[in-house]
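Remember, it's 1-based here, ligands and their atoms both numbered in the order they're listed.
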Amino acid sequence: MGGGDSMSAAIDLHDLTVTYERRPAVHHVNGRFAAGSLTAIVGPNGAGKSTLIKAIAGTLKPAVGRVDRGALATRHIGYLPQAAEIDRSFPLSVADTVMMGAWRSIGAFRGVTRKHAEQAKEALLAVGLEGFEQRSISSLSSGQFQRVLFARLLLQDASVILLDEPFTAIDARTTRDLLKLISTWHGQGRTVIAVLHDIDQVRQHFPSTLLLARETIAWGNTADILHPDNLRRAKNMAEHWSPDAQACEVDQENTL
Ligand code: ADP
Ligand code: MG
């Protein structure tokens, strides 16, 4: 897609509950990621952050409630999974990996055109990997590989971009460069949502924050949300979780 008013899209969560074998990982979450907003999702380990991102991306179906993406098809949502979920032992070149961003919108069987190869080259230049086209992805450092995945997102040209811990175990220079790219996307009116752990980074670069601990702890302007009281509450909720928490019965939502 790209260009025009299609660049802006809001995501609305209505009573969103996502479960694994009926146990809720995300529990009755309501709210809106405004069109063109730049939001950090913050919360303790196991808080349901990745689960929420996957529900927005459409790879997990809600048990209760829904994700309203307006007119946006899920293939127009750019999604970068947590590094641990990506297998890069597969013998793919950097160029092919980047061009997969375009395949999603043009269909895998129409073939790669000169235009796509040119776009991939430009995207690699934009992420500081000029000339890396023919390298195998398995030969890259984790920082370089993350740059490749951002280049792929550039080709996908999505109006909503979801990033799950994009800077975990990534070097400072790569983080700085990719934060700039996120800021460019924000300036272009794209809706960007990123799961992050570095609170200072969130304060500096992300105007909105959703603090999640299975339920919404707080959601709004970052400066208000990252209040010590809220952070303590989120941590406290995480410590009270049990792996055999009760199944979601919807009407038992206050029995955590
Ligand atoms: P976060 O990304 O905030 O660390 P997750 O969304 O990955 O949290 O996980 C939330 C909860 O759901 C955790 O208790 C986790 O163990 C559980 N969970 C995540 N994925 C699965 C799965 N595929 N099957 C069963 N439980 C899962
Ligand atoms: Mg996660």
Side-chain angles (χ1 to χ4, degrees), residues 11 13-31 33 38-67 74 77-88 142 145-146 149-150 153 160-170 175 178-179 182 192-202 205-206 208-220 222 225-226 230-250 252-256:
I11 300 282
L13 310 180
H14 299 283
D15 193 30
L16 181 69
T17 296
V18 188
T19 60
Y20 298 105
E21 282 138 30
R22 295 186 68 233
R23 293 196 184 101
V26 170
H27 210 202
H28 304 298
V29 173
N30 284 287
F33 298 95
L38 175 56
T39 307
I41 300 180
V42 176
N45 284 331
K49 304 180 296 296
S50 294
T51 302
L52 175 58
I53 289 284
K54 286 174 189 171
I56 295 169
T59 64
L60 283 178
K61 298 286 168 240
V64 179
R66 65 194 174 90
V67 178
T74 51
I77 295 180
Y79 167 47
L80 178 63
Q82 239 173 298
E85 298 188 19
I86 302 172
D87 175 14
R88 62 185 180 108
S142 48
F145 185 57
Q146 200 67 329
L149 295 179
F150 270 68
L153 287 169
V160 173
I161 298 172
L162 311 173
L163 308 167
D164 198 347
E165 298 198 25
F167 306 129
T168 299
I170 299 297
T175 300
L178 297 181
L179 275 168
I182 289 177
V192 183
I193 303 168
V195 175
L196 295 166
H197 283 292
D198 183 335
I199 297 293
D200 290 334
Q201 192 178 71
V202 171
H205 301 280
F206 290 76
S208 306
T209 295
L210 163 57
L211 182 56
L212 187 72
R214 180 155 55 178
E215 302 170 2
T216 305
I217 301 293
W219 191 350
T222 295
I225 300 313
L226 293 180
N230 284 336
L231 295 174
R232 215 172 298 126
R233 241 179 97 211
K235 190 163 172 283
N236 200 36
M237 286 197 61
E239 280 163 1
H240 286 86
W241 285 342
S242 137
D244 45 16
Q246 78 286 347
C248 175
E249 301 291 350
V250 185
Q252 290 185 359
E253 67 202 69
N254 294 314
T255 57
L256 292 172

Does any non-hydrogen side-chain atom of N236 lie less than 4.5 Å from one of R233?
no

Out of all atoms in ligand 1, which are within 4.0 Å of some heavy atom of A47? Include the element for each.
1 (P), 3 (O), 8 (O)

Among I53, L153, V195, I193, which one satisfies side chain to side chain contact (heavy atoms under 4.5 Å, CB included) with L163?
L153

Shortest reach to atom 5 (P) of ligand 1 by a heavy atom, considering only D164, T19, T51
T51

Under the ring-ring contact (aromatic ring centres under 6.0 Å, His included) test, which residues partner F206, sequence neighbours left out?
none

Residue pair T51 / Y20, side-chain donor-acceptor N/O under 3.5 Å
yes

Given the options V42, I41, N230, T209 meets side chain to side chain contact (heavy atoms under 4.5 Å, CB included) only with V42

For N45, counting its heavy atoms only, list the atoms of ligand 1 lying under 4.0 Å from any of them.
4 (O)

Within the 4.0 Å heavy-atom shell around A25, which atoms of ligand 1 are there?
10 (C), 11 (C), 12 (O)

Please verify the inter-ring angle class for F150 with F167; under 30° counts as parallel, over 60° as perpendicular, anything in between as tilted.
parallel

Check which protein N, O or S atoms are less than 2.8 Å from the Mg ion (ligand 2) and report how many there are.
2

Please check whether K49 reaches ligand 1 - meaning an N/O of the residue sits under 3.5 Å from an N/O of the ligand, judged on distance alone.
yes

How about D164 and K54: do any of their side-chain heavy atoms sit closer than 4.5 Å?
no

Do any heavy atoms of G48 fall under 4.0 Å from ligand 1?
yes

H197 and E165 side chains, donor-acceptor separation under 3.5 Å:
yes

If only atom types and distance count, is the side chain of K61 paired as donor or acceptor with the main-chain N or O of G58 below 3.5 Å?
yes

